[in-house]
Amino acid sequence: MTRFILQRVITSVITLFLASIVVFIGARMLPGDPAQVLAGESADPALLEAIREQFGLNQPIWVQYFTYIGQALTGNLGVSTRDNIPVAEILLQRLPITLELAGLAILIGLVIGITAGVVSAVKRGTFVDYVATGFGLVGLSVPSFWLGLLAILLFAITWQVLPASGFVGFAEDPIGNLRGMILPATVLGIGLSAVLMRQTRAALLGQLSADYVRTARSKGVTRGREVSHALRNSLTTVVTVLGLQLGALIGGAIVTEQIFVIPGFGKLIIDAVAARNYPILQGAVLVAVTGYVLVNLLVDVAYAYLNPRMRLSGGSE
Amino acid sequence: MTSVPKTTNLSTFGATGSRKSQAQWRRVMRRFLKRPLAVIGLVLVVAFILVAVFGPLLLPDPNKQDFATLLQPPSLAHLLGTDDLGRDVLSRIASGARVSLLAGVLSTTIAMVIGITLGLITGFYRGWFDVVFMRIIDVMLAFPFLIFAVGLAAILGASLTNVIIALGVSQIPEVVRIARGEAMAIREQEFVSGAVADGARDFTIMARYIAPNAASAFIVQATVAIPGAIIGEATLSFLGLGVQPPMASWGIMLTSAQQFLAQAPYLALFPGIAIALTTLGFNLLGDGLRDALDPKEKR
């Protein structure tokens, strides 16, 4: 398994390196001259040239790239063109907010998805199964931004039990923070739970009809223990699906933050696109991609660990 | 290289085995039609296509503003009400369906054509090209779908054409992986070895022996990709990076509905229902096709 992990780490590092080149080149392909953005529309050519000189924008692109990456590795991602605040500082303010939102959404997704999947598989063919399966299908088909609007309409406008927007830091007001996060996290978590429900149900049904479960049943094992054994062996599927859904979760977070006006990472990216704040956009995308690659690496390692055939065979599966 | 001589064993699997393949497709259709949910999916998808194609021709101009009828709730004059500029919501939904259909079908076509071609080539030839190319695909997959699409839309600029390109390119990696996997598996089959032994050209093998035998995987992928692209278009338009006003798009309709949630909740309701029903239709159709195409399915 060590060899497998080592291989995955090396592949991830290469992928990250190549992805950083794509992000860097992509940022330079965005419409508009960065020097013009910094100096303003009516800046004179001398000032523009001075800015290009100061930020190294007149150097060859590969020199610019290695300078940027060298600085990025030391935590320097440049400064925001809007207010001259270091990009890293802004990202560090925004990242915990999105992580809290994503963490809560994953928790809600796991609880609803796995519970519904297990109940649906155990009660296969019953009314409960149809309801859970229906929920899975509808949950997959409803875009998170519409669900968000419906949630605001019901909980904030009609019943007025939860706030429609606004964010309070957890340290500042834990209750207010959770009240503000519960709707966006649920909206984000429901899409995830629909996928998890479908996959858990399918995996568990597969396991429940496996030979080892039939043998255990014939030996008089209780239904609860039977399901618990089968569920443990279905966990690899849940972990894989969770990893695969991470991209959708990040996308969902971008939209959800926009609807509920949460000043997280996703809103930062969209605002940076609108304001053509390229250093912010470049830094935010780079950090998002790094996080995405790292979490996928962790998911692969977790999968290898959870799968006894891989764990014991040295990861050659 | 010479062209492939037709032999009986090849014709079973190649393009010339049309009678057998027709019988197979009839079996698939029978299995598909036995599934009520799949049929509901098909009905929803057909309804969506009909609305997208004929709706804008039969309904009033979706951009016609009428300041005498601002934010009117559903009535006989305006079945789904009017928006903040007095425009007919039903007309805009039909017009939005056309935008969604274009975005879904065209971006999926871009992804399928490029992805299948590249996937078949890499899976067939393997070697250094495959290694290098799959690294590129890994890099594309390192970007979460929406971030990749947002980035491309920002670079290209906000318009329907650019949204279609951005969504199409964003979906290529997934299609490449599926096509590559299929090519790798099918090229090991005996009928492909037979074609190679008969001197068939590489292009002929890929186009006439591998691609048709991987068709079911591609069809299922397309039914997954189209609703993904429809939601993608609505999302990008909702974020202001897609279709631009006054053009109607379900995403834009939801963006403006956000401001009038308290006064006119129906503005947020109907475009969302349209997206949900369309996506549900494609999901049910995809599930039904996957089951019907699965040889293990006996029903």
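Chain identifiers are assigned alphabetically (A, B, ...) following the order of the sequence lines, protein sequences preceding nucleic acid strands; residue numbering begins at 1 within each chain. This one's a predicted model, so the numbers in the text were calculated from it and none came from an experiment.
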Please give me the minimum heavy-atom distance between B:A154 and A:P31, naming the atom from each residue. O-CD, 3.3 Å
Quick one: of A:V142, A:L281, A:V273, A:L149, who has the most non-hydrogen atom pairs under 4.5 Å with chain B? A:L149
Would you mind checking which part of A:V289 comes under 4.5 Å of any heavy atom in chain B, side chain (CB onward), backbone (N, CA, C, O), both or neither? both
Considering residues, nucleotides and ligands other than A:Y130, do more than 12 of their heavy atoms fall under 6.0 Å from its OH? no
Which heavy atom of A:Y292 sits nearest to which heavy atom of B:A142, and what is that distance? CD2-O, 2.9 Å
Side chain / backbone / both / neither for A:R198 at chain B, heavy atoms under 4.5 Å: side chain
Heavy-atom closest contact (B:F143 atom, A:V22 atom, distance): CZ-CG1, 3.9 Å
Ignoring hydrogens and angles, tell me if any N or O in the side chain of A:W146 forms a donor-acceptor pair with the backbone of B:A268 under 3.5 Å. yes
Turns out that what part of A:L137 lies under 4.5 Å from chain B's heavy atoms comes down to both
Less than 4.5 Å to any heavy atom of chain B: does that hold for the side chain of A:L249, its backbone, both, or neither? neither
Contacting region of B:A234 [heavy-atom separation from chain A under 4.5 Å]: both
Would you compute the distance between atom CZ of B:F145 and atom CG of A:L246 and round it to the nearest 0.5 angstrom? 15.5 Å
Before you tell me yes or no, could you show the steps for B:F148 and A:V285 under side-chain contact (heavy atoms from CB on, under 4.5 Å), namely the whole-Å CA-CA distance, both residues' side-chain angles and the distance that decides it to 0.1 Å? CA-CA 9 Å; B:F148 195 83; A:V285 172; over 6 Å; no
side-chain contact (heavy atoms from CB on, under 4.5 Å) between A:L140 and B:L280, worked out: CA-CA 8 Å; A:L140 271 188; B:L280 182 68; over 6 Å; no
Measuring heavy-atom distances to chain B, does A:T158 have an atom under 4.5 Å in its side chain, in its backbone, in both, or in neither? neither
The interface call for A:I259 against chain B, heavy-atom contacts under 4.5 Å, is both
Let's test your reading of the structure: which of B:L239, B:D138, B:L241 forms the most heavy-atom pairs below 4.5 Å with chain A? B:L239
Going by distance alone, is a donor N or O of one side chain under 3.5 Å from an acceptor N or O of the other, for A:S141 and B:N283? yes
Mind running side-chain contact (heavy atoms from CB on, under 4.5 Å) on A:L150 and B:L269 for me, showing each step along the way? CA-CA 8 Å; A:L150 288 186; B:L269 212 58; 3.7 Å; yes
For B:R135, look at atom CZ and say whether over 12 heavy atoms of other residues, nucleotides or ligands are found less than 6.0 Å away. yes
Take a 6.0 Å sphere around CE of B:M247 and say whether it holds more than 12 heavy atoms from other residues, nucleotides or ligands. no
side-chain contact (heavy atoms from CB on, under 4.5 Å) between A:I250 and B:L146, worked out: CA-CA 8 Å; A:I250 293 173; B:L146 194 62; over 6 Å; no
Could you check if a side-chain atom of B:M140 sits within less than 4.5 angstrom of a side-chain atom of A:T15, using non-hydrogen atoms only? no
Any chance CZ of B:R177 has more than 12 other-residue heavy atoms, nucleotides or ligands included, within less than 6.0 Å? no
